[in-house]
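Following: one structure in structure tokens, then a few remarks.
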Amino acid sequence: MTGAATRRSMTTQQRRAIVVLSMAALVAILLMVIAVAGGYRINLTPSEPLGLWRIIPLHQAAAVDDLLFICPPETAAMRAARARGYLRSGSCPGGVAPLIKTVIAVAGQHVEIGASLSVNGRMVSSSSLALRDGKGRPLTPFPGGIVPPGYVFLHSAFPGSYDSRYFGPVPISGILGLAQEVFTYVP
């Protein structure tokens with residue numbers, strides 16, 4: 001084979017490789033778009049099991065014990081949480097990812113926050129408050145009170161969870177749907 005033929009051969013091989021890689025990238029992007037459109041999300045936070053989840057439409061009002069995907073509101077508390085690294089980047093307003101949290105109180109219920117959390121006088125398990133985050137920065141708990149109409153109070157049993165114990169009730173307008181595990185694991 002001459003030098004010119006070798007160069008042509010390599011160019012043909014390179015072209016084939018580029019076509020194959022381009023097609024693979026296109027298929028990967030297409031699968032991601034279909035997954036997002038189908039309500040599939042990947043959870044990389046320890047608040048709930050890691051892995052693949054699906055957003056299921058919620059056809060009634062959110063109720064206590066519902067596990068939800070919810071976009072946090074664009075508030076000063078959420079901007080501060082984003083700056084501290086508590087919230088991941090995503091598609092919700094403010095550029096954050098949806099939260100996966102359990103509803104523990106709905107409109108009209110009384111939330112009291114002390115060393116731990118209680119709803120209508122009943123203690124919530126795994127709800128101890130942290131005074132500092134993982135980097136030693138102070139955390140300010142929500143003062144408690146009655147959950148207003150149009151809001152829910154969220155919780156996660158994970159000890160380091162950033163939830164309504166710290167940012168308070170969130171509007172139901174941010175609810176994307178119920179959170180359903182598809183393929184998950186607890187590390």
Side-chain angles (χ1 to χ4, degrees), residues 41-50 53 55-58 60-181 184 186-187:
R41 301 293 188 273
I42 294 177
N43 178 44
L44 299 174
T45 68
S47 291
E48 293 297 335
L50 304 175
W53 290 74
I55 300 171
I56 303 296
L58 184 63
Q60 71 278 345
V64 172
D65 294 329
D66 281 348
L67 183 61
L68 302 176
F69 270 101
I70 188 166
C71 284
E74 290 186 84
T75 62
M78 291 302 172
R79 285 189 291 279
R82 177 84 161 99
R84 283 186 168 200
Y86 302 160
L87 305 175
R88 299 198 186 274
S89 296
S91 59
C92 289
V96 298
L99 306 174
I100 305 175
K101 303 289 181 196
T102 300
V103 176
I104 60 163
V106 295
Q109 292 186 302
H110 184 263
V111 174
E112 189 173 329
I113 299 177
S116 60
L117 176 66
S118 67
V119 176
N120 288 343
R122 208 172 109 211
M123 290 301 251
V124 175
S125 65
S126 302
S127 67
S128 298
L129 246 59
L131 299 176
R132 299 198 173 278
D133 68 11
K135 293 185 177 179
R137 298 171 293 195
L139 288 169
T140 304
F142 177 72
I146 304 290
V147 178
Y151 284 75
V152 291
F153 201 89
L154 306 173
H155 177 257
S156 170
F158 177 70
S161 178
Y162 188 68
D163 55 35
S164 288
R165 291 174 285 180
Y166 306 102
F167 55 72
V170 294
I172 60 174
S173 60
I175 295 174
L176 300 174
L178 295 170
Q180 178 186 55
E181 293 181 56
T184 63
V186 179

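These values consider heavy atoms only, across backbone and side chains, with no hydrogens, waters or symmetry-generated copies.
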Mind checking whether [X] and [Y] have side chains closer than 4.5 Å, heavy atoms only?
X	Y	value
Leu67	Leu178	no
Ile42	Leu44	yes
Glu112	Val119	no
Val186	Leu50	no
Leu117	Ile104	yes
Leu87	Leu99	yes
Asn43	Pro49	no

Nearest heavy atoms of [X] and [Y], plus distance in Å:
X	Y	value
Pro73	Pro171	CG-CD, 3.8 Å
His155	Ser126	NE2-O, 3.0 Å
Leu129	Pro141	CD2-CB, 3.1 Å
Val152	Ala62	CG1-CB, 4.2 Å
Ile100	Ala179	CG2-CB, 3.8 Å
Pro169	Phe142	CD-CZ, 3.4 Å

Are any side-chain N or O atoms of [X] and backbone N or O atoms of [Y], one a donor and one an acceptor, separated by less than 3.5 Å?
X	Y	value
Asn120	Gln109	no
Asp66	Leu68	no
Ser127	Val124	yes

Could you walk me through whether Tyr162 and Phe167 pass the ring-ring contact (aromatic ring centres under 6.0 Å, His included) check? CA-CA 8 Å; Tyr162 188 68; Phe167 55 72; 5.3 Å; yes
So, applying side chain to side chain donor-acceptor pair (under 3.5 Å) with Tyr86, which one of Arg84, Arg88, Arg82 is it? Arg84
In terms of relative ring orientation, are Phe69 and Trp53 parallel, tilted or perpendicular, with 30° and 60° separating the classes? perpendicular
Above 12 or not: heavy atoms from other molecules or residues under 6.0 Å from CZ of Arg122?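 Incorrect, the count does not exceed 12.
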Stepwise side-chain contact (heavy atoms from CB on, under 4.5 Å) test for Leu154 and Val103: CA-CA 5 Å; Leu154 306 173; Val103 176; 4.0 Å; yes
Roughly how far, to the nearest 0.5 Å, is SG of Cys71 from CD1 of Ile175? 10.5 Å
How long is the span from the CD atom in Glu48 to the OG atom in Ser161, to the nearest 0.5 Å? 8.0 Å
Residue pair Arg165 / Ser116, side-chain donor-acceptor N/O under 3.5 Å: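 No, Ser116 and Arg165 have no side-chain donor paired with an acceptor closer than 3.5 Å.
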Flag for Ser164-Lys101: side-chain donor and acceptor within less than 3.5 Å: no
